[in-house]
Amino acid sequence: MVAATGNADTSVGHGELIKAVDHALTTHGRALLTGPAGAGKTEVVRAVAAAAEARRESVLRLAPEAADQWIPEASAAALLASVPAVALDQLSGPQRTAIALLRREADAPRAGRDHIALRLAVVEVLRTLAARQPVLLVLDNAQWLDAESTDLLRFALRLTPPRVRVLVAECVQGGAPVGEALCGPGAPAIRVPPLGADEVAELLVRHCLPARLAGRIHQASGGNPRLALALGHSLAEAAEARDSSAHHADPLPVSGQAREVARRLLAGVPAQARRTLLLAALASRPTTSLLRRAGRPDAEAELAEAERAALVRVGEDGTVEFTAGALPTALAADAGWPERAAGHAALAAAVDDPVQAVRHRALAVDTPDQWLAAEITEAAAVCRRRGQRVLAAELGLLAAERTPSWLAGEELARLVAAAEDAGWAGRADLARRATRAVLARDASSADRVRARLAVIDAAGQALGALDETFAYAMDEAAGDPSLQAAVQLRIAWKHNLSDGDPVRSRDAAAEAGRLAALGGDQTAEAMALTVRARMGRILGDTDAEEILAEALALPAPEVPLGMRNAPQYLAVRHALFDDRLTDARRQLMVLLPAVQRTGSAEDVFEVLRSLTEVELRSGRCEAASAHARRALELTIEAGLSPGPAWYVAAMAEATGGSFARAAGYARRGIQASQEEQDQVFLSRSLHALGLVELATGEAAKAVATLRRVAALEAAQQVVDPSVLRWHGELAEALIAADAPGEAAELLDRVGTVALRLGRTGVVAALDRARGLCLSAQGEADAAVHLLEATAQRFDVLQLPLERGRTLLALARVERRRRRRAPARAALRAAAEVFALAGAAPWTELAREPAPGEGGGAQAAAAVLTEAETRLALLVSQGASNQEAAAKLFLSVKTVEARLTRIYQKLDVRSRAQLATALRTR
């Protein structure tokens with residue numbers, strides 16, 4: 001008898017849980033592991049058992065299946081079948097006979113068996129094994145134990161010696177739990193927690209599934225590993241079936257394996273509670289009072305049962321929330337049409353929102369109705385005014401479905417409106433569905449182009465896979481300058497985002513502007529100028545600000561293509577690039593409520609992203625982290641491309657949270673951007689990761705990561721260094737990796753451009769790196785003077801975190817030339833700056849002890865560069881020159897030269913003296 005099949009690797013995120021189970025077994029001898037189906041209990045049990053076997057304990061395993069619960073003593077027979085023969089040889093005659101009968105005739109009638117002898121035999125077997133070595137008895141899937149085996153084991157485990165430890169894993173879904181009875185009173189009960197979004201992302205990566213879907217899969221699975229993997233595989237299969245990659249906003253297909261896992265989670269709910277859950281699944285915002293009004297008078301009690309089974313959460317105000325988004329989908333899919341229709345009819349009479357009432361009435365029937373279609377259309381218009389664009393798109397599609405065939409014109413108009421609402425909201429699935437319906441009808445070229453543009457607008461960052469859509473749109477727009485301008489404008493966006501080619505983007509925008517002016521579309525003309533100004537800034541064009549001013553001078557009605565592409569927003573970005581942070585924040589606070597009213601999730605995200613960046617540079621880490629959290633939540637909720645949100649989260653964590661979490665977000669952002677061919681945010685996420693690697697002392701990794709940024713920006717022909725400020729970080733990493741010459745060349749090259757363009761903040765950041773470079777080249781006095789002046793410049797520019805980082809660099813330089821008091825003063829000043837800003841990880845860096853205050857190795861290494869310190873530590877621990885060269889990816893000749901400098905700096909002549917110096921100084 002073995003564990004149920006289909007268990008995938010769900011061990012991600014369970015390291016601390018395994019430790020907790022081990023601790024419970026060590027201190028109590030018993031542990032009960034609980035959680036819903038697919039939570040990962042079996043993986044935890046396997047890990048604990050493997051650790052016990054590694055300690056040479058005797059491990060007995062029992063993992064019954066669902067069918068075994070109906071076979072008396074089946075589990076007991078399976079357990080005894082795995083017992084070594086040596087433990088049976090010492091049994092008395094009646095006990096040996098009882099076991100032999102059970103093992104041979106587990107499914108035979110129980111009459112005539114000596115059950116007392118059997119119980120005593122099990123006790124004796126466990127005692128015999130425990131006398132030889134410690135025993136771990138593992139009972140997985142305890143909910144499938146048959147009643148007779150449960151009774152036998154409960155008796156035997158009460159009489160076993162302390163050297164027999166017991167781990168019971170149980171999924172409680174209907175029926176009475178048996179784990180507590182087996183473990184006895186007081187045994188620690190440990191519940192397997194759901195995975196976090198980070199852990200779901202790691203799980204997907206481990207199984208070669210698209211990481212960019214991690215946020216939505218986490219939401220749909222509720223952190224259940226098995227359900228998360230099933231959803232991921234379903235998406236991959238759906239993508240393969242249509243010969244394209246799964247889009248970040250596609251609906252998660254709760255079918256096949258995913259639906260089966262969801263059914264298992266729902267299996268233990270009684271029929272009455274399941275009916276209440278179905279109503280909750282059909283409602284947009286379910287509450288206990290709504291469910292009572294809809295005909296479920298016992299809703300509270302029935303939901304309490306579902307809450308005990310970890311299917312829903314009921315708030316104090318009565319709001320009902322499913323723990324996994326796939327559960328309501330599975331409930332609705334498994335219910336028949338009559339049951340769903342009755343549920344919608346009941347909800348239509350119970351809801352207090354007229355829009356929701358119309359929606360439920362429409363879903364309660366499946367026949368065309370002219371007047372109902374008109375009502376739904378009006379409800380969609382209400383949603384549009386409220387900024388509820390997703391609901392507007394859903395209602396538009398529903399209105400088209402309910403439109404009689406003789407009103408073909410009205411049906412087509414509703415489909416086009418639904419497509420545009422979906423495009424505005426970033427819902428690619430709804431946009432594609434509406435567009436397919438438009439293209440299947442006798443639609444005009446204008447309607448076909450509008451529908452195709454909606455698909456492009458909904459794609460977010462993933463424009464690289466839409467070449468065919470662009471081609472058709474251009475062909476159908478022929479002869480209409482306004483439509484051609486709209487298509488050409490999106491081509492300009494694609495050239496920047498997916499192709500990484502700002503020159504082609506600028507040229508396409510110029511053509512879009514010409515066409516827009518020809519067609520009299522001033523809004524499109526302003527947006528085309530905006531793209532030209534944005535690309536001009538990237539390319540270092542001196543007329544970029546003039547072009548932006550020209551765009552701002554044009555009339556600015558509500559922008560149908562999104563505020564993120566409007567000149568007003570680009571003006572904010574330029575203020576941020578120029579370190580005019582007060583102006584940028586003021587303008588963003590005006591834009592935020594405006595974009596929230598439009599219902600464009602991408603616009604709201606963009607404003608939140610810029611607010612995060614402004615607050616970080618202003619030294620307001622708490623406010624920045626709050627904006628970053630909202631941006632990430634919005635991305636998951638709206639199904640936006642996750643790469644930008646993970647980049648924003650990485651930067652917020654790298655400044656005000658945790659370097660480890662920042663690295664995790666950055667790596668996820670890198671993978672998501674690569675999957676979506678998003679060159680812009682690939683560079684940004686790589687920059688975030690390189691910053692973390694530099695801050696945490698991984699100079700070689702930082703060099704490799706930041707060189708990738710340099711290569712990407714070179715390929716994209718980026719000239720202006722203020723757009724993404726990676727240059728100083730790469731120079732600092734090169735210096736730490738003992739390549740100051742290369743760093744100096746980079747600083748001179750970029751510094752010339754920054755001075756020519758007047759980027760004062762960039763020049764100051766480069767000067768911080770230049771100060772470290774001077775120190776590495778032996779010009780300590782010049783380094784100190786430059787760093788002190790740079791810190792003052794950052795103070796004038798009101799960039800506190802940059803000032804703090806400069807003070808850290810100053811402390812490092814002072815330590816290297818053994819000036820302890822100035823080093824401590826710089827370190828204290830940096831710590832004060834970081835603490836005031838709420839920059840937790842940087843505050844920790846600034847709390848490093850100065851020479852004489854910390855360990856001997858750190859004090860001795862204070863005069864060394866970071867690269868020299870790593871080599872000195874390796875050699876002092878016994879590594880040969882060849883071994884050190886291999887570990888540090890250097891040549892032996894470089895190691896020998898570096899060791900010579902280390903010996904000179906520390907005034908030692910041998911490896912033994914080096915080890916002593918690191919140990920004692």
Side-chain angles (χ1 to χ4, degrees), residues 389 420 423-426 446 449-450 452-461 463 466 469-470 473-474 477 480-499 501-539 541 543-575 577 587-588 590-591 594-595 598-607 609-610 680 723:
R389 292 284 182 154
E420 292 183 326
W424 193 303
V449 172
R450 288 170 62 194
R452 291 190 196 277
L453 292 180
V455 171
I456 294 170
D457 292 342
Q461 310 298 109
L463 296 176
L466 296 177
T469 304
F470 279 110
M474 278 299 293
D480 187 326
S482 294
L483 288 177
Q484 287 178 305
V487 178
Q488 199 68 40
L489 188 57
R490 287 161 175 84
I491 290 173
W493 299 340
K494 175 185 176 293
H495 285 325
N496 178 41
L497 278 174
S498 302
D499 304 334
D501 191 335
V503 173
R504 291 177 69 195
S505 178
R506 182 185 59 188
D507 293 346
E511 177 63 10
R514 185 188 69 79
L515 290 165
L518 189 62
D521 188 341
Q522 289 188 313
T523 299
E525 187 179 359
M527 290 198 162
L529 288 167
T530 302
V531 176
R532 285 179 57 199
R534 178 180 287 136
M535 297 306 104
R537 176 84 187 214
I538 290 171
L539 294 166
D541 293 346
D543 61 348
E545 296 303 324
E546 295 176 8
I547 294 172
L548 177 57
E550 186 181 347
L552 287 167
L554 289 172
E558 182 181 358
V559 183
L561 300 182
M563 181 60 73
R564 63 193 178 280
N565 300 306
Q568 297 91 329
Y569 182 68
L570 183 61
V572 174
R573 296 297 296 173
H574 283 199
F577 298 155
Q587 294 175 57
L588 286 167
V590 172
L591 289 180
V595 295
T598 67
S600 171
E602 288 200 74
D603 281 352
V604 176
F605 169 82
E606 272 298 323
V607 173
R609 171 172 83 99
S610 290
V680 172
V723 177

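In this chain, residues are counted from 1 in sequence order.
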Item checked: Working for side-chain contact (heavy atoms from CB on, under 4.5 Å), residues Thr598 and Met563 -> CA-CA 9 Å; Thr598 67; Met563 181 60 73; over 6 Å; no

Check: Which residue pairs satisfy the salt bridge (Lys or Arg N to Asp or Glu O under 4.0 Å) criterion with at least one member in residues 524-539, sequence neighbours excluded?
Finding: Arg537-Glu545, Arg537-Asp578, Arg537-Asp720

Item checked: Non-neighbouring partners of Arg573 that pass side chain to side chain contact (heavy atoms under 4.5 Å, CB included), sequence neighbours left out -> Tyr569, Leu570, Leu576, Phe577, Arg609, Ser610, Glu613

Note to self: If I take atom CE from residue Met535 and atom CG from residue Asp501, how far apart are they, to the nearest 0.5 angstrom?
What the structure shows: 10.0 Å

Check: Would you say the side-chain atoms of Asn565 pair up with the backbone N or O of Met527, donor to acceptor, closer than 3.5 Å?
Finding: no

Item checked: Nearest-0.5 Å distance, CD1 of residue Ile456 to CG of residue Leu489 -> 10.5 Å

Check: Can you tell me how far OG1 of Thr469 sits from CE of Met474, rounded to the nearest 0.5 angstrom?
Finding: 14.0 Å

Item checked: Nearest heavy atoms of Leu529 and Ile547, plus distance in Å -> O-CG2, 3.3 Å

Notebook entry, point to check: Can any side-chain N or O of Arg514 pair as donor or acceptor with the backbone N or O of Ala510 at less than 3.5 Å?
Noted result: no

Next item on the list: Quick one: pull up NE2 in His495 and CG in Leu463 and give me the separation to the nearest 0.5 Å.
Entry: 11.0 Å

Check: Does the Ser600 side chain pair with the main chain of Ala425, one donor and one acceptor, at a distance under 3.5 Å?
Finding: no

Checklist line | Exercise: identify the closest heavy-atom pair between Ala528 and Ala509 | finding: CB-O, 3.3 Å

Note to self: Exactly one of Val723, Leu497, Ile538 should register a side-chain contact (heavy atoms from CB on, under 4.5 Å) with Val680. Which one does?
What the structure shows: Leu497

Next item on the list: Check whether any side-chain N or O of Asn496 sits under 3.5 Å from a backbone N or O of Pro502 as a donor-acceptor pair, and report yes or no.
Entry: no

Item checked: Derivation of the side-chain contact (heavy atoms from CB on, under 4.5 Å) call for Ile491 and Val487 -> CA-CA 6 Å; Ile491 290 173; Val487 178; 4.1 Å; yes

Checklist line | Inter-residue atom distance Glu420.CD - Leu453.CG, 0.5 Å rounding | finding: 8.5 Å

Checklist line | Contact check, side chains of Arg506 and Asp541, non-hydrogen atoms, under 4.5 Å | finding: yes

Next item on the list: Indicate the atoms forming the closest heavy-atom contact of Ser482 with Asp521, along with that distance.
Entry: OG-CB, 4.1 Å

Item checked: Point-to-point distance, once rounded to the nearest 0.5 Å, from OG1 of Thr523 to CG of Leu554 -> 9.0 Å

Item checked: Shortest non-hydrogen contact between Ala526 and Ala551, atoms and distance -> O-CB, 3.7 Å

Item checked: Residue pair Asp457 / Trp493: nearest heavy atoms and the distance that separates them -> OD1-CZ3, 4.1 Å

Item checked: Closest heavy-atom pair and its distance - Leu548, Pro567 -> CD1-O, 3.7 Å

